[in-house]
Amino acid sequence: MGNLCGLLSPEPVKSARPTSSSKARPPSPPSVIASLSNRWSKLRSSSSSSRKDNRSIQEQALAAAIILQHRRQNGKSTPVDRSSSLRYTSPSGPKKQGLPRSCSSRARSVTDPLLQPHQLLNQDVKLDELETNHLVLVHGGGFGAWCCEVTSISQYVKPLTDHLEKLANDEKVILVGHDFGGTCISYAMELFPSKITKAVFIAAAMLRNGQSTLDMWSQQAASNDLMQKAQIFLYANGKDQPPTAIDLDKSFLSDLLFNQSPAKDVALAAVSMRPIPFKPVLEKLSLSDVNYGSVRRFYIETPEDNAISVELQDNMIKLNPPERVFRLKGADHSPFFSKPQALHKLLVEISKIHPLDQVLEKDGLG
């Protein structure tokens, strides 16, 4: 995790006793001394407050993860607020009705302005303009909880395929896959092409027929020293057997996955991420033009990505071209943390692209 505050380096204190080559300085006026004293007290107070805030963020993230784990273990279905932004209310004064504010420390820009949740949902979006308003978000490797006994992609993506199987015949969805989630949605596209209107790959593995996720990773394995340092292979069946999962060293998470993300989101991720089952990463996909190829694909690039380099993303796009490519400026490997507003805007934009738009563009009429 990056530093939250800079270190103050006051000037060295000079000796009060004058030397033969220096003259004694007149004492500072009481008003100056008081002013300096007040400023230093404020700086110390601010620095102490920042350290306390940092510790508080980590403690709250750990507490949230423990509560979620406790609920899972006890089979409770009570909804849990899984927002990555910690919410707070005013410590004094009457409570105001409305949406809670976010205490995010994320730097804002013109491409990622600060918006309230109701603005995100309602900004210039008309439901009748969308081909479908049902988006299914598929997390990447390490971002979900599962057991290391997962031995195939079919087991790994079962919650997704079960969801698609239960959809009505006339109901379509947009699949959004991040990281290893790209492999998952590709597998689902092959099985349920008629139920998927679009597939969006966000810094994701966009594989070709007969290719595995490991094949994709190996293209940059030699050049990505950070990934090599972060990987920890787990051997649940013994060191004489193939690895069963891949974990990531928590000390490398900030630089590898969240180098542009707010510190509090990194803290929550550090206590929430889990090992990635290894066998699904090795499995080669069987993708056909009739099924997988019939689903419209879109790719969102993350140019500040230290996990899947932009060069690797460009290579996947070149070898397996999607309908359109969007570049999310300033986004790291986790744009849902580093650029959530801009990512939302892109997903809405993609949702509004109709099949007719593609025909007009090809004909040069758009």
Side-chain angles (χ1 to χ4, degrees), residues 136-144 146 150-161 164 174-193 195-196 198-224 226-228 230-231 233 242-246 248 256-257 275-303 305-327 333-334:
V136 180
L137 308 180
V138 183
H139 63 74
F143 287 87
W146 46 78
V150 174
T151 59
S152 66
I153 291 181
S154 61
Q155 285 181 288
Y156 186 92
V157 302
K158 194 173 187 305
L160 173 60
T161 53
L164 294 174
I174 296 175
L175 292 186
V176 182
H178 168 249
D179 189 77
F180 185 62
T183 302
C184 299
I185 66 174
S186 296
Y187 181 90
M189 290 158 64
E190 182 65 26
L191 293 180
F192 301 98
K195 293 185 177 182
I196 305 168
K198 297 184 182 79
V200 184
F201 295 76
I202 305 174
M206 189 168 63
L207 308 180
R208 292 169 290 154
N209 179 44
Q211 194 176 30
S212 71
T213 308
L214 185 63
D215 293 335
M216 182 272 292
W217 282 112
S218 64
Q219 296 178 34
Q220 69 168 9
S223 60
N224 196 335
L226 190 57
M227 177 63 78
Q228 291 183 26
Q231 287 180 345
F233 289 93
T244 53
I246 307 171
L248 295 176
L256 181 65
L257 305 179
I276 308 164
F278 193 57
K279 286 193 176 180
V281 176
L282 299 176
E283 191 169 333
K284 296 183 183 295
L285 293 184
S286 179
L287 305 173
S288 66
D289 290 337
V290 174
N291 294 338
Y292 168 84
S294 67
V295 180
R296 302 172 70 190
R297 285 180 293 115
F298 300 83
Y299 200 98
I300 298 178
E301 281 192 333
T302 47
D305 198 322
N306 288 340
I308 302 182
S309 67
V310 69
E311 290 78 17
L312 178 55
Q313 295 180 58
D314 285 337
N315 190 52
M316 288 190 291
I317 291 168
K318 179 181 178 181
L319 296 177
N320 191 14
E323 183 176 320
R324 288 180 63 178
V325 177
F326 300 85
R327 176 166 286 200
H333 188 62
S334 305

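Position 1 is the first residue of the sequence; numbering continues from there.
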- Message: For the CD atom of Glu301 and the CE atom of Met316, what is their distance to the nearest 0.5 Å?
- Response: 9.0 Å

- Under a 4.5 Å cut-off applied to non-hydrogen side-chain atoms, are Glu190 and Ser288 in contact? yes

- Message: Side chains of Ile246 and Phe233, heavy atoms from C-beta outward: is any pair under 4.5 Å?
- Response: yes

- With distance as the sole criterion, is a donor-acceptor pair present between the side chains of Ser212 and Asp215 under 3.5 Å? yes

- Message: Between Leu285 and Ile153, is there a side-chain heavy-atom distance shorter than 4.5 Å?
- Response: yes

- Kindly compute the distance separating CG (Leu312) from CG (Asp305), expressed to the nearest 0.5 Å. 9.0 Å

- State, with a plain yes or no, whether a side-chain heavy atom of Ile185 is found less than 4.5 Å away from one of Ile196. no

- Message: Using 0.5 Å steps for rounding, measure from the CE atom of Met206 to the CD1 atom of Ile317.
- Response: 5.5 Å

- Message: Is the ring pair His178/His333 parallel, tilted or perpendicular, if the boundaries are 30 and 60 degrees?
- Response: tilted

- Item | For the student: nearest non-hydrogen atoms of Tyr299 and Ala204, plus distance | OH-O, 2.9 Å

- Return the minimal non-hydrogen interatomic distance between Cys184 and Leu160, and the atom names on each side. O-CD2, 4.1 Å

- Derivation and outcome, side chain to side chain contact (heavy atoms under 4.5 Å, CB included), residues Val281 and Ile276: CA-CA 9 Å; Val281 176; Ile276 308 164; 4.2 Å; yes

- Item | Beyond-backbone contact of Thr213 with Leu207, side-chain heavy atoms, under 4.5 angstrom | yes

- Task: Let me see the working for Val295 and Leu175 under side chain to side chain contact (heavy atoms under 4.5 Å, CB included), right down to the final yes or no.
- Result: CA-CA 10 Å; Val295 180; Leu175 292 186; over 6 Å; no

- Is there side-chain contact between Arg208 and Leu319, with heavy atoms separated by less than 4.5 Å? yes

- Query: Are any of the side-chain heavy atoms of Val310 and Arg327 separated by less than 4.5 Å?
  - Reply: yes

- Query: Which heavy-atom pair separates Glu283 from Ser152 by the least distance, and what is that distance?
  - Reply: OE1-CA, 3.5 Å

- If you measure from CG on Asn209 to CG on Asp289, what distance do you get to the nearest 0.5 Å? 8.0 Å

- Item | Tyr156 ring center near Tyr187 ring center (under 6.0 Å) | no

- Query: Heavy atoms, side chains only, cut-off 4.5 Å: are Gln211 and Asn320 in contact?
  - Reply: no

- Closest contact, heavy atoms only, Ile300 versus Gln313: O-OE1, 4.1 Å

- Task: Could you tell me the separation between the OG1 atom of Thr183 and the CZ atom of Phe201, rounded to the nearest 0.5 Å?
- Result: 8.5 Å

- Starting at CZ of Arg296, measure out to CD of Glu323 and round the result to the nearest 0.5 Å. 4.0 Å

